Amino acid sequence: MASLARRLVTLKSYQRHLPLIKQVRCLNLQEFQSKQLMADNGIAVQHFKVVGSKEEAASVASKLKVDEYVVKAQVLAGGRGKGTFDTGFKGGVHLTKNPVEVQGLVENMLGNKLVTKQTTKDGVKVTKVMVAQALDITRETYFAILMDRGHGGPVLVGSPQGGMDIEEVAEKTPEAIFKQAVDITVGLTDEQAMKMALNLEFTGAKQKQAAIQMQRLYNLFLKVDATQVEINPFGETDKGEVVCFDAKISFDDNAGFRQKDIFSMDDMAESDPREVEAARHNLNYIGMDGNIACLVNGAGLAMATMDIIHLYGGSPANFLDVGGSVTEDQVFHAFKLLTADSQVKAILVNIFGGIVNCATIASGIANACKSINLNIPLVVRLEGTNVEEGKRVLAESNLPIMSAFDLDDAAQKAVASLSS
(Lines give C-alpha, C1' and ligand atoms only; values in the text may rest on other atoms or scores of the structure.)
Protein backbone atom coordinates (compact mmCIF):
# COMPACT_ATOMS: atom_id res chain seq x y z
CA MET A 1 0.00 0.00 0.00
CA ALA A 2 2.83 2.37 0.89
CA SER A 3 4.49 1.61 -2.43
CA LEU A 4 1.28 2.45 -4.31
CA ALA A 5 0.94 5.70 -2.37
CA ARG A 6 4.49 6.65 -3.31
CA ARG A 7 3.80 5.96 -6.99
CA LEU A 8 0.66 8.13 -6.89
CA VAL A 9 2.53 10.91 -5.14
CA THR A 10 5.26 10.77 -7.78
CA LEU A 11 2.76 10.75 -10.65
CA LYS A 12 1.04 13.85 -9.27
CA SER A 13 4.42 15.51 -8.79
CA TYR A 14 5.02 15.55 -12.54
CA GLN A 15 1.88 17.61 -13.00
CA ARG A 16 2.50 19.91 -10.05
CA HIS A 17 6.21 20.52 -10.62
CA LEU A 18 6.25 20.71 -14.43
CA PRO A 19 6.23 24.56 -14.47
CA LEU A 20 9.11 24.45 -11.98
CA ILE A 21 11.15 22.01 -14.02
CA LYS A 22 10.68 24.12 -17.15
CA GLN A 23 12.42 27.01 -15.37
CA VAL A 24 15.68 25.12 -14.92
CA ARG A 25 18.48 26.80 -16.88
CA CYS A 26 15.96 28.50 -19.12
CA LEU A 27 17.33 31.09 -21.55
CA ASN A 28 15.23 34.23 -21.44
CA LEU A 29 15.65 36.98 -24.03
CA GLN A 30 14.44 40.52 -23.62
CA GLU A 31 11.75 41.67 -26.07
CA PHE A 32 14.19 43.77 -28.11
CA GLN A 33 16.56 40.79 -28.43
CA SER A 34 13.82 38.57 -29.80
CA LYS A 35 12.72 41.27 -32.23
CA GLN A 36 16.28 41.85 -33.41
CA LEU A 37 16.67 38.12 -34.00
CA MET A 38 13.49 38.11 -36.09
CA ALA A 39 14.36 41.28 -37.98
CA ASP A 40 17.76 39.80 -38.90
CA ASN A 41 15.90 36.87 -40.46
CA GLY A 42 13.51 38.88 -42.62
CA ILE A 43 10.52 38.75 -40.28
CA ALA A 44 8.29 41.84 -40.10
CA VAL A 45 8.57 43.66 -36.75
CA GLN A 46 8.22 47.28 -35.71
CA HIS A 47 11.18 49.60 -36.25
CA PHE A 48 12.91 50.16 -32.90
CA LYS A 49 15.94 51.47 -31.03
CA VAL A 50 17.27 50.43 -27.63
CA VAL A 51 18.83 52.80 -25.11
CA GLY A 52 20.76 52.14 -21.93
CA SER A 53 21.65 55.65 -20.80
CA LYS A 54 20.19 59.15 -20.50
CA GLU A 55 22.66 60.35 -23.12
CA GLU A 56 21.30 57.85 -25.63
CA ALA A 57 17.75 58.82 -24.66
CA ALA A 58 18.35 62.41 -25.78
CA SER A 59 18.85 61.42 -29.41
CA VAL A 60 16.82 58.23 -29.86
CA ALA A 61 13.63 59.93 -31.03
CA SER A 62 15.43 61.85 -33.75
CA LYS A 63 17.00 58.63 -35.04
CA LEU A 64 13.65 56.85 -35.23
CA LYS A 65 11.48 58.67 -37.78
CA VAL A 66 7.95 57.46 -37.01
CA ASP A 67 4.52 59.03 -36.54
CA GLU A 68 4.06 57.67 -33.03
CA TYR A 69 6.40 56.13 -30.45
CA VAL A 70 5.89 53.34 -27.94
CA VAL A 71 8.38 53.42 -25.04
CA LYS A 72 8.76 50.08 -23.24
CA ALA A 73 10.83 49.13 -20.20
CA GLN A 74 12.80 45.95 -20.88
CA VAL A 75 12.39 43.47 -18.04
CA LEU A 76 11.63 39.76 -18.06
CA ALA A 77 8.13 40.11 -16.64
CA GLY A 78 4.61 40.59 -17.92
CA GLY A 79 2.20 43.33 -16.92
CA ARG A 80 4.67 46.12 -17.64
CA GLY A 81 2.01 48.53 -18.84
CA LYS A 82 0.22 48.41 -15.49
CA GLY A 83 3.42 48.35 -13.43
CA THR A 84 4.73 51.06 -11.10
CA PHE A 85 8.31 52.22 -10.57
CA ASP A 86 9.86 52.59 -7.13
CA THR A 87 9.93 56.34 -7.79
CA GLY A 88 6.14 56.41 -8.10
CA PHE A 89 6.21 56.77 -11.90
CA LYS A 90 3.32 54.82 -13.39
CA GLY A 91 3.57 52.39 -16.29
CA GLY A 92 6.40 50.57 -18.02
CA VAL A 93 4.80 51.12 -21.44
CA HIS A 94 3.85 54.55 -22.84
CA LEU A 95 2.65 55.95 -26.15
CA THR A 96 3.47 59.42 -27.43
CA LYS A 97 3.56 61.35 -30.69
CA ASN A 98 5.85 63.99 -29.25
CA PRO A 99 9.55 63.17 -29.78
CA VAL A 100 10.46 65.56 -26.95
CA GLU A 101 8.48 63.46 -24.48
CA VAL A 102 10.39 60.30 -25.42
CA GLN A 103 13.51 61.44 -23.56
CA GLY A 104 11.57 62.14 -20.37
CA LEU A 105 9.79 58.79 -20.48
CA VAL A 106 13.06 56.93 -20.98
CA GLU A 107 14.75 58.80 -18.14
CA ASN A 108 11.84 57.99 -15.81
CA MET A 109 12.43 54.29 -16.47
CA LEU A 110 16.19 53.83 -16.70
CA GLY A 111 17.93 52.92 -13.47
CA ASN A 112 14.68 52.55 -11.51
CA LYS A 113 12.89 49.40 -10.34
CA LEU A 114 9.66 48.37 -12.03
CA VAL A 115 7.13 46.39 -10.00
CA THR A 116 4.54 44.31 -11.89
CA LYS A 117 2.29 41.38 -11.06
CA GLN A 118 5.06 39.03 -12.22
CA THR A 119 8.03 40.56 -10.36
CA THR A 120 8.93 40.39 -6.69
CA LYS A 121 7.57 43.11 -4.42
CA ASP A 122 10.94 44.89 -4.72
CA GLY A 123 10.68 44.99 -8.52
CA VAL A 124 13.35 44.68 -11.22
CA LYS A 125 15.87 47.36 -12.14
CA VAL A 126 15.44 48.65 -15.69
CA THR A 127 18.74 48.89 -17.55
CA LYS A 128 17.37 48.95 -21.11
CA VAL A 129 14.41 50.76 -22.67
CA MET A 130 13.07 50.06 -26.15
CA VAL A 131 11.67 52.94 -28.20
CA ALA A 132 9.68 51.51 -31.08
CA GLN A 133 7.34 52.43 -33.88
CA ALA A 134 3.72 52.44 -32.71
CA LEU A 135 1.39 50.85 -35.22
CA ASP A 136 -2.41 50.73 -35.30
CA ILE A 137 -3.46 47.09 -35.04
CA THR A 138 -6.74 46.49 -36.82
CA ARG A 139 -6.85 42.75 -36.08
CA GLU A 140 -4.98 40.41 -33.72
CA THR A 141 -4.35 36.71 -34.26
CA TYR A 142 -2.19 34.10 -32.52
CA PHE A 143 0.53 32.01 -34.15
CA ALA A 144 3.11 29.65 -32.69
CA ILE A 145 5.49 26.89 -33.69
CA LEU A 146 6.45 24.37 -31.06
CA MET A 147 8.21 21.05 -30.77
CA ASP A 148 5.59 18.44 -29.90
CA ARG A 149 6.48 15.02 -28.55
CA GLY A 150 3.16 13.53 -29.61
CA HIS A 151 3.76 14.40 -33.27
CA GLY A 152 7.49 13.74 -33.11
CA GLY A 153 8.37 17.14 -34.53
CA PRO A 154 7.25 20.75 -35.06
CA VAL A 155 3.59 21.71 -34.92
CA LEU A 156 1.92 24.95 -36.01
CA VAL A 157 -0.69 26.33 -33.64
CA GLY A 158 -2.87 29.25 -34.66
CA SER A 159 -6.05 31.07 -33.77
CA PRO A 160 -7.89 34.07 -35.24
CA GLN A 161 -8.43 35.13 -31.62
CA GLY A 162 -5.13 36.74 -30.69
CA GLY A 163 -4.00 39.35 -28.21
CA MET A 164 -5.14 37.23 -25.25
CA ASP A 165 -4.05 34.10 -23.38
CA ILE A 166 -4.22 31.15 -25.76
CA GLU A 167 -5.13 28.95 -22.77
CA GLU A 168 -8.30 30.99 -22.33
CA VAL A 169 -9.16 30.60 -26.01
CA ALA A 170 -8.59 26.84 -25.80
CA GLU A 171 -10.87 26.59 -22.77
CA LYS A 172 -13.74 28.78 -23.97
CA THR A 173 -13.65 28.30 -27.77
CA PRO A 174 -11.52 25.24 -28.58
CA GLU A 175 -12.88 25.22 -32.13
CA ALA A 176 -10.91 28.45 -32.70
CA ILE A 177 -7.58 26.62 -32.26
CA PHE A 178 -5.98 25.17 -35.40
CA LYS A 179 -3.01 22.77 -35.45
CA GLN A 180 -0.84 21.43 -38.27
CA ALA A 181 2.08 19.03 -37.90
CA VAL A 182 5.12 19.73 -40.08
CA ASP A 183 7.15 16.97 -41.70
CA ILE A 184 10.69 17.80 -40.53
CA THR A 185 12.18 16.25 -43.69
CA VAL A 186 10.04 18.41 -45.99
CA GLY A 187 9.62 21.65 -44.06
CA LEU A 188 6.71 24.06 -43.96
CA THR A 189 5.19 23.97 -47.44
CA ASP A 190 3.45 26.86 -49.23
CA GLU A 191 0.20 24.92 -49.06
CA GLN A 192 0.42 24.43 -45.29
CA ALA A 193 1.36 28.06 -44.65
CA MET A 194 -1.46 29.37 -46.85
CA LYS A 195 -3.95 27.06 -45.11
CA MET A 196 -2.91 28.27 -41.65
CA ALA A 197 -3.06 31.90 -42.81
CA LEU A 198 -6.61 31.28 -44.05
CA ASN A 199 -7.52 29.64 -40.72
CA LEU A 200 -6.33 32.85 -39.06
CA GLU A 201 -8.74 34.71 -41.42
CA PHE A 202 -6.13 36.50 -43.50
CA THR A 203 -7.47 37.09 -47.00
CA GLY A 204 -6.26 38.41 -50.34
CA ALA A 205 -2.72 39.81 -50.37
CA LYS A 206 -2.54 39.61 -46.56
CA GLN A 207 -2.98 35.82 -46.70
CA LYS A 208 0.18 35.55 -48.80
CA GLN A 209 2.02 37.98 -46.51
CA ALA A 210 1.04 35.97 -43.45
CA ALA A 211 2.10 32.70 -45.09
CA ILE A 212 5.53 34.14 -45.95
CA GLN A 213 6.00 35.34 -42.38
CA MET A 214 5.06 31.90 -41.07
CA GLN A 215 7.63 30.22 -43.31
CA ARG A 216 10.34 32.66 -42.19
CA LEU A 217 9.41 32.04 -38.56
CA TYR A 218 9.67 28.30 -39.20
CA ASN A 219 13.12 28.75 -40.76
CA LEU A 220 14.18 30.75 -37.70
CA PHE A 221 12.72 28.06 -35.43
CA LEU A 222 15.04 25.47 -36.99
CA LYS A 223 18.03 27.79 -37.32
CA VAL A 224 18.22 28.68 -33.62
CA ASP A 225 17.21 25.26 -32.21
CA ALA A 226 14.04 26.68 -30.72
CA THR A 227 11.51 24.60 -28.85
CA GLN A 228 8.87 27.30 -29.25
CA VAL A 229 8.31 30.51 -31.20
CA GLU A 230 5.14 32.26 -30.06
CA ILE A 231 3.78 35.42 -31.73
CA ASN A 232 0.94 37.11 -29.90
CA PRO A 233 -0.35 39.19 -31.46
CA PHE A 234 0.41 38.17 -35.01
CA GLY A 235 -1.56 41.08 -36.42
CA GLU A 236 -2.44 43.26 -39.34
CA THR A 237 -2.26 47.03 -39.41
CA ASP A 238 -4.52 49.73 -40.82
CA LYS A 239 -2.10 49.93 -43.77
CA GLY A 240 -2.55 46.25 -44.66
CA GLU A 241 0.75 45.02 -43.21
CA VAL A 242 1.17 41.72 -41.38
CA VAL A 243 3.46 42.27 -38.40
CA CYS A 244 4.80 40.24 -35.46
CA PHE A 245 4.03 42.61 -32.60
CA ASP A 246 5.28 40.56 -29.67
CA ALA A 247 7.32 37.39 -29.47
CA LYS A 248 8.44 34.74 -27.04
CA ILE A 249 11.18 32.35 -28.13
CA SER A 250 12.27 29.32 -26.10
CA PHE A 251 15.51 27.52 -26.87
CA ASP A 252 16.78 23.98 -26.45
CA ASP A 253 19.47 24.23 -23.74
CA ASN A 254 21.13 21.12 -25.16
CA ALA A 255 21.98 23.15 -28.27
CA GLY A 256 23.90 25.78 -26.30
CA PHE A 257 27.20 24.59 -27.78
CA ARG A 258 25.78 25.21 -31.27
CA GLN A 259 24.04 28.50 -30.48
CA LYS A 260 26.78 30.36 -28.62
CA ASP A 261 25.85 33.77 -30.07
CA ILE A 262 22.26 33.43 -28.86
CA PHE A 263 23.09 32.04 -25.43
CA SER A 264 25.62 34.84 -24.92
CA MET A 265 22.69 37.30 -25.04
CA ASP A 266 21.55 36.09 -21.63
CA ASP A 267 23.34 38.34 -19.12
CA MET A 268 21.39 36.69 -16.24
CA ALA A 269 21.04 40.10 -14.56
CA GLU A 270 17.49 39.25 -13.49
CA SER A 271 18.22 35.66 -12.49
CA ASP A 272 18.52 34.29 -8.97
CA PRO A 273 22.27 34.49 -8.11
CA ARG A 274 22.11 30.91 -6.84
CA GLU A 275 20.82 29.72 -10.22
CA VAL A 276 23.58 31.65 -11.96
CA GLU A 277 26.23 30.07 -9.73
CA ALA A 278 24.74 26.60 -10.28
CA ALA A 279 24.73 27.08 -14.05
CA ARG A 280 28.47 27.94 -13.93
CA HIS A 281 29.07 24.39 -12.71
CA ASN A 282 26.47 22.73 -14.98
CA LEU A 283 24.05 22.10 -12.12
CA ASN A 284 20.29 22.46 -12.44
CA TYR A 285 19.02 24.47 -9.47
CA ILE A 286 15.89 26.34 -8.41
CA GLY A 287 15.46 27.80 -4.93
CA MET A 288 12.26 27.11 -2.99
CA ASP A 289 10.92 28.23 0.39
CA GLY A 290 11.48 25.14 2.56
CA ASN A 291 14.35 24.13 4.87
CA ILE A 292 15.43 20.66 3.64
CA ALA A 293 17.94 20.94 0.82
CA CYS A 294 17.82 18.22 -1.86
CA LEU A 295 20.71 16.93 -3.99
CA VAL A 296 19.41 14.39 -6.51
CA ASN A 297 20.31 12.99 -9.93
CA GLY A 298 17.50 13.23 -12.49
CA ALA A 299 14.47 15.53 -12.72
CA GLY A 300 11.94 12.76 -12.07
CA LEU A 301 13.76 11.55 -8.96
CA ALA A 302 14.10 15.15 -7.80
CA MET A 303 10.34 15.69 -8.05
CA ALA A 304 9.64 12.43 -6.25
CA THR A 305 12.11 13.41 -3.51
CA MET A 306 10.42 16.77 -2.99
CA ASP A 307 7.05 15.06 -2.77
CA ILE A 308 8.16 12.39 -0.32
CA ILE A 309 9.57 15.13 1.92
CA HIS A 310 6.14 16.78 1.82
CA LEU A 311 4.51 13.43 2.53
CA TYR A 312 6.39 13.12 5.83
CA GLY A 313 5.70 16.71 6.90
CA GLY A 314 8.81 18.47 5.62
CA SER A 315 9.37 21.22 3.07
CA PRO A 316 12.06 21.18 0.33
CA ALA A 317 14.41 24.17 0.08
CA ASN A 318 15.36 23.63 -3.53
CA PHE A 319 15.35 21.58 -6.71
CA LEU A 320 18.93 20.48 -7.45
CA ASP A 321 19.60 17.94 -10.19
CA VAL A 322 23.29 17.10 -10.60
CA GLY A 323 22.67 15.09 -13.78
CA GLY A 324 24.15 11.83 -15.00
CA SER A 325 27.76 12.85 -15.64
CA VAL A 326 28.41 14.55 -12.30
CA THR A 327 31.99 14.92 -11.04
CA GLU A 328 33.43 15.24 -7.52
CA ASP A 329 34.05 18.93 -8.18
CA GLN A 330 30.39 19.48 -9.09
CA VAL A 331 29.28 17.74 -5.89
CA PHE A 332 31.58 20.04 -3.92
CA HIS A 333 30.10 23.16 -5.52
CA ALA A 334 26.59 21.78 -5.06
CA PHE A 335 27.20 21.49 -1.31
CA LYS A 336 28.65 25.00 -1.17
CA LEU A 337 25.51 26.26 -2.90
CA LEU A 338 23.16 24.42 -0.54
CA THR A 339 24.93 25.40 2.67
CA ALA A 340 25.16 29.06 1.62
CA ASP A 341 21.36 29.24 1.93
CA SER A 342 20.62 30.37 5.51
CA GLN A 343 17.15 28.80 5.50
CA VAL A 344 18.57 25.27 4.93
CA LYS A 345 18.54 23.27 8.19
CA ALA A 346 19.18 19.78 6.77
CA ILE A 347 20.41 18.18 3.54
CA LEU A 348 19.01 15.09 1.86
CA VAL A 349 21.11 13.39 -0.82
CA ASN A 350 19.14 10.89 -2.89
CA ILE A 351 21.17 9.21 -5.64
CA PHE A 352 20.12 6.33 -7.83
CA GLY A 353 23.29 5.36 -9.67
CA GLY A 354 22.56 4.20 -13.17
CA ILE A 355 24.96 6.35 -15.15
CA VAL A 356 26.10 8.03 -11.94
CA ASN A 357 28.86 6.28 -10.00
CA CYS A 358 27.89 6.21 -6.30
CA ALA A 359 31.56 6.24 -5.29
CA THR A 360 32.06 9.53 -7.14
CA ILE A 361 29.12 11.05 -5.28
CA ALA A 362 30.37 9.71 -1.96
CA SER A 363 33.88 11.09 -2.47
CA GLY A 364 32.45 14.46 -3.43
CA ILE A 365 30.24 14.50 -0.33
CA ALA A 366 33.10 13.57 2.00
CA ASN A 367 35.46 16.18 0.57
CA ALA A 368 32.78 18.88 0.58
CA CYS A 369 31.77 18.20 4.19
CA LYS A 370 35.39 18.44 5.36
CA SER A 371 36.10 21.60 3.34
CA ILE A 372 33.04 23.59 4.38
CA ASN A 373 32.87 22.22 7.96
CA LEU A 374 29.26 21.08 7.59
CA ASN A 375 27.31 21.63 10.80
CA ILE A 376 23.75 20.69 9.79
CA PRO A 377 22.22 17.18 9.54
CA LEU A 378 23.05 15.26 6.37
CA VAL A 379 21.09 12.22 5.21
CA VAL A 380 22.42 10.17 2.28
CA ARG A 381 20.65 7.45 0.33
CA LEU A 382 22.78 5.75 -2.33
CA GLU A 383 21.66 2.96 -4.64
CA GLY A 384 22.95 1.53 -7.92
CA THR A 385 26.33 1.54 -9.65
CA ASN A 386 29.27 0.94 -7.28
CA VAL A 387 27.02 1.52 -4.26
CA GLU A 388 29.08 -0.64 -1.85
CA GLU A 389 32.20 1.38 -2.58
CA GLY A 390 30.23 4.58 -2.11
CA LYS A 391 28.95 3.44 1.28
CA ARG A 392 32.49 2.43 2.29
CA VAL A 393 33.83 5.90 1.42
CA LEU A 394 31.15 7.53 3.58
CA ALA A 395 31.63 5.09 6.47
CA GLU A 396 35.40 5.64 6.54
CA SER A 397 35.08 9.43 6.35
CA ASN A 398 34.28 9.59 10.07
CA LEU A 399 31.67 12.24 9.31
CA PRO A 400 28.29 12.42 11.10
CA ILE A 401 26.36 11.27 8.03
CA MET A 402 23.04 9.47 8.45
CA SER A 403 22.70 6.65 5.92
CA ALA A 404 19.27 5.64 4.59
CA PHE A 405 18.31 2.37 2.94
CA ASP A 406 15.45 3.70 0.79
CA LEU A 407 13.59 6.90 -0.11
CA ASP A 408 11.04 6.61 2.72
CA ASP A 409 13.77 6.11 5.29
CA ALA A 410 15.76 9.06 3.90
CA ALA A 411 12.82 11.46 3.95
CA GLN A 412 11.74 10.44 7.47
CA LYS A 413 15.28 10.87 8.83
CA ALA A 414 15.68 14.29 7.15
CA VAL A 415 12.38 15.56 8.56
CA ALA A 416 13.09 14.10 12.02
CA SER A 417 16.55 15.72 12.10
CA LEU A 418 14.95 19.15 12.18
CA SER A 419 13.50 18.56 15.63
CA SER A 420 16.44 16.68 17.14
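Small disclaimer: the values here were computed from a predicted structure and weren't measured.
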Side-chain donor/acceptor of N318 to backbone N/O of C294, under 3.5 Å: yes
Minimum heavy-atom distance K125-G111, with the two atoms named: CE-O, 3.8 Å
Minimum heavy-atom separation for F257 to K260, with atom names? O-CE, 3.4 Å
Determine whether K345 and I376 make a side-chain contact, defined as any pair of heavy atoms from C-beta on separated by less than 4.5 Å. no
Would you check if the side chain of T96 reaches a backbone N or O of N98 as a donor-acceptor pair within less than 3.5 Å? yes
Could you check if a side-chain atom of L320 sits within less than 4.5 angstrom of a side-chain atom of N284, using non-hydrogen atoms only? no
Report the C-alpha distance between E101 and Y69 in whole Å, list the side-chain angles of each, state the deciding distance to 0.1 Å, and finish with yes or no for side chain to side chain donor-acceptor pair (under 3.5 Å). CA-CA 10 Å; E101 290 182 0; Y69 305 88; over 6 Å; no
Heavy-atom neighbours of E171 CD exceed 12 at 6.0 Å: no
Would you find a donor on one side and an acceptor on the other, under 3.5 Å apart, between the side chain of N41 and the backbone of L37? yes
Contact summary for V60 and K49, nearest pair of heavy atoms: CG2-CB, 3.5 Å
Please check: side-chain N/O of N350 versus main-chain N/O of V380, any donor-acceptor pairing under 3.5 Å? no
For the side chain of R80 and the backbone of Q74, is there at least one donor-acceptor N/O pair under 3.5 Å apart? no
Just say parallel, tilted or perpendicular for the rings of F221 and Y218, cut-offs at 30° and 60°. parallel
Identify the two heavy atoms, one from E383 and one from F405, that lie closest to each other, and give their separation to 0.1 Å. OE1-O, 4.5 Å
Rounded distance [0.5 Å steps], CG in N367 versus CD1 in I372: 11.0 Å
Side-chain (K413) to main-chain (S403) donor-acceptor, under 3.5 angstrom: yes
pair L407-T305: side-chain heavy atoms closer than 4.5 Å: yes
Rounded to the nearest 0.5 Å, what's the gap from CG on L217 to CD1 on I212? Could you check? 12.0 Å
Flag side-chain contact, heavy atom, 4.5 Å: I166 against N232: no
Start with the C-alpha gap between R139 and E236, add the side-chain angles, then the distance that decides, and say whether salt bridge (Lys or Arg N to Asp or Glu O under 4.0 Å) holds. CA-CA 6 Å; R139 198 173 66 86; E236 57 183 73; 3.2 Å; yes
Within the distance-only criterion (no hydrogens, no angle test), does the side chain of E31 pair as donor or acceptor with the backbone N or O of M130 below 3.5 angstrom? no
Looking only at non-hydrogen atoms, find the nearest pair between G91 and H94 and report the distance. O-NE2, 3.1 Å
Might you work through the salt bridge (Lys or Arg N to Asp or Glu O under 4.0 Å) test for R392 and E396, ending with a clear yes or no? CA-CA 6 Å; R392 184 193 66 78; E396 295 179 0; 2.5 Å; yes
Do the side-chain N and O atoms of Q259 and D225 include a donor-acceptor pair separated by under 3.5 angstrom? yes
Got Y285 and L337 here, is their nearest side-chain heavy-atom distance under 4.5 Å? yes
Distance alone, cut at 3.5 Å: any donor-acceptor contact between the side chains of D40 and Q36? yes
Checking the side chain of Q343 only, and the main-chain atoms of G290 only, is there a donor and an acceptor separated by less than 3.5 Å? yes
Heavy-atom closest contact (S159 atom, L200 atom, distance): N-CD1, 3.6 Å
Answer yes or no: is there a donor N or O on one side and an acceptor on the other, between the side chain of K35 and the main chain of F245, under 3.5 Å? yes
Donor-acceptor pair between D136 and T237 side chains, under 3.5 angstrom: no
I would like to know whether L378 and I365 meet side chain to side chain contact (heavy atoms under 4.5 Å, CB included); could you show each step before the answer? CA-CA 10 Å; L378 169 61; I365 291 172; 3.8 Å; yes
Evaluate L348 against I309 for side chain to side chain contact (heavy atoms under 4.5 Å, CB included), listing each step before the verdict. CA-CA 9 Å; L348 169 56; I309 288 172; 3.9 Å; yes
Heavy-atom side-chain proximity of F32 to K128 below 4.5 angstrom: yes
Could you give the distance from CG (L156) to CD (Q192), rounded to the nearest 0.5 Å? 6.5 Å
Evaluate the criterion side chain to side chain donor-acceptor pair (under 3.5 Å) for residue pair N386 and N357; output intermediate values, then yes/no. CA-CA 6 Å; N386 214 8; N357 188 317; 3.3 Å; yes
Taken to the nearest 0.5 Å, the spacing of E56 CD from Q103 CD works out to 12.0 Å
Determine whether Q213 and I231 satisfy the following criterion, side chain to side chain contact (heavy atoms under 4.5 Å, CB included), listing intermediate values before the conclusion. CA-CA 11 Å; Q213 292 301 308; I231 312 298; over 6 Å; no
L110 side chain reached by V106 side chain, heavy atoms, under 4.5 Å: yes
When rounded to the nearest 0.5 angstrom, what is the spacing between CD in Q330 and CG in L283? 5.5 Å
Quick check for you: to the nearest 0.5 Å, what is the distance between M306 atom CE and S315 atom OG? 10.5 Å
Less than 3.5 Å apart, any donor N or O on the side chain of D329 or T327 sitting next to an acceptor on the other? no
Under 3.5 Å, side chain of Q133 to main-chain N/O of H47, donor-acceptor pair present? yes
L399 and K370: CA distance, side-chain angles, deciding distance, side chain to side chain contact (heavy atoms under 4.5 Å, CB included) verdict: CA-CA 8 Å; L399 294 167; K370 292 174 183 177; 4.2 Å; yes
When you compare the side chain of Q161 with that of Y142, does any pair of heavy atoms fall below 4.5 Å? no
